[in-house]
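Down below is the structure, laid out as structure tokens.
Hydrogens, waters and symmetry mates play no part in the numbers below; they use all other heavy atoms, side chains included.
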Amino acid sequence: MARKTVQDLFIHELSDVYSAEKQLTRALPKMARAASNPILVEAFQAHLEETQGQIERIDQVVDALGLKLKRVKCIAMEGLVEEGKELIDEIDKGPVLDAGLIGAAQKVEHYEIASYGTLIAMAKHLGLKEAIGPLKDTLAEEKSTDEKLSKIAEEGGNQAATMESR
């Protein structure tokens, strides 16, 4: 579909982030199984539940606005998920892999933060008031997850990896 208007772009970006969230629901369980730090495992499991709620929120926005999402695959998320899979395949389970998984997950969060920020700006521009609240809720969750991951890394996740690799 040609993106000739901001409305077209909004629909495309919403479709893209919907694909990203769907891909993430398949990646998070694998990341949780690969992690050894119980706090990190719990964070991945909690974010899976949150991601499922974020997908429902997108569905609500689509319904409220009477939109039809496009069938697109988020190539950016596909690459980020692949990076995480490579870590799992190449690093033995333990603190070093945990540190890599935290970094991979934060890359995902930063991509999502950028995506939702852009969608909110477009929704404001287009006067799509029904979309702004749900998108802001998701943006807040993505920022919170990023902060939790930083805290896990700072409170010992990366320290354990440093000690193990010496």
Side-chain angles (χ1 to χ4, degrees), residues 1-32 34-35 39-88 100-154 157:
M1 173 189 160
R3 288 165 262 172
K4 296 179 181 177
T5 67
V6 176
Q7 176 81 16
D8 294 342
L9 189 58
F10 178 82
I11 292 168
H12 178 83
E13 293 300 316
L14 194 61
S15 300
D16 192 69
V17 81
Y18 189 82
S19 167
E21 298 290 14
K22 288 286 199 175
Q23 290 180 56
L24 195 53
T25 63
R26 294 186 295 275
L28 282 166
K30 294 173 188 170
M31 294 172 79
I39 296 168
L40 183 58
V41 171
E42 185 180 312
F44 287 148
Q45 291 169 339
H47 194 54
L48 174 60
E49 288 180 36
E50 202 170 68
T51 300
Q52 290 164 337
Q54 293 166 352
I55 291 169
E56 289 174 19
R57 234 182 253 131
I58 293 171
D59 287 333
Q60 291 168 359
V61 167
V62 167
D63 289 344
L65 298 175
L67 301 176
K68 183 168 173 43
L69 293 180
K70 305 299 173 193
R71 295 182 68 90
V72 298
K73 184 169 193 175
C74 180
I75 303 302
M77 184 61 74
E78 184 178 42
L80 292 169
V81 167
E82 183 59 31
E83 280 188 26
K85 184 181 176 306
E86 285 177 8
L87 290 170
I88 292 167
L101 290 172
I102 290 168
Q106 285 193 286
K107 288 178 184 180
V108 166
E109 293 310 310
H110 290 207
Y111 175 75
E112 291 178 313
I113 289 166
S115 296
Y116 284 104
T118 298
L119 282 165
I120 292 164
M122 284 187 212
K124 287 178 180 177
H125 174 79
L126 294 166
L128 304 175
K129 292 182 176 86
E130 303 91 337
I132 296 169
L135 293 172
K136 279 185 173 181
D137 291 344
T138 297
L139 178 61
E141 289 173 353
E142 302 298 6
K143 288 179 177 180
S144 176
T145 297
D146 182 51
E147 289 170 12
K148 288 175 194 167
L149 290 166
S150 287
K151 188 174 181 186
I152 293 168
E154 291 165 2

For K22, enumerate each residue passing the salt bridge (Lys or Arg N to Asp or Glu O under 4.0 Å) test, keeping only those at least two apart in sequence or located in another chain. none

To the nearest 0.5 Å, atom OH of Y116 lies from atom CG of L14 at 7.5 Å

Kindly write out the residues that satisfy side-chain contact (heavy atoms from CB on, under 4.5 Å) with E56, not counting sequence neighbours, or none if the list is empty. none

Partner set under salt bridge (Lys or Arg N to Asp or Glu O under 4.0 Å) for K107, not counting sequence neighbours: E83

Among residues at least two apart in sequence or on other chains, which ones pass side-chain contact (heavy atoms from CB on, under 4.5 Å) with Q45? A32, V41

So, R57 and E21, do they make that salt bridge, N to O below 4.0 Å? no

My understanding is that only residues two or more places apart in sequence, or in another chain, count here; which of them pass salt bridge (Lys or Arg N to Asp or Glu O under 4.0 Å) with E13? none

side-chain hydrogen bond (donor to acceptor under 3.5 Å, both in side chains) filter on E109, not counting sequence neighbours, yields H47

Could you pull out all residues at least two apart from S115 that satisfy side-chain hydrogen bond (donor to acceptor under 3.5 Å, both in side chains)? none

Flag side-chain contact, heavy atom, 4.5 Å: L24 against Q54: no

Atom of I152, atom of A43 and distance for their closest heavy-atom approach: CD1-CB, 3.8 Å

My understanding is that only residues two or more places apart in sequence, or in another chain, count here; which of them pass side-chain hydrogen bond (donor to acceptor under 3.5 Å, both in side chains) with K143? none

Partners meeting side-chain contact (heavy atoms from CB on, under 4.5 Å) with D59 (sequence neighbours left out): Y18, I55

Any chance you could measure K4, atom NZ, to L9, atom CG, to the nearest 0.5 Å? 14.0 Å

Are any non-hydrogen side-chain atoms of I88 and L101 less than 4.5 angstrom apart? yes

Kindly compute the distance separating CG (L69) from CG (D16), expressed to the nearest 0.5 Å. 11.0 Å

Does Q23 have any side-chain contact (heavy atoms from CB on, under 4.5 Å) partners at least two apart in sequence or in another chain, and if so, which? S19, R26, K73, C74, M77, E78

Residue set satisfying side-chain hydrogen bond (donor to acceptor under 3.5 Å, both in side chains) with S150, at least two apart, ordered chain then number -> Q106

For residues 125-136, which side-chain N or O atoms pair as donor and acceptor with protein atoms under 3.5 Å away, sequence neighbours left out?
none

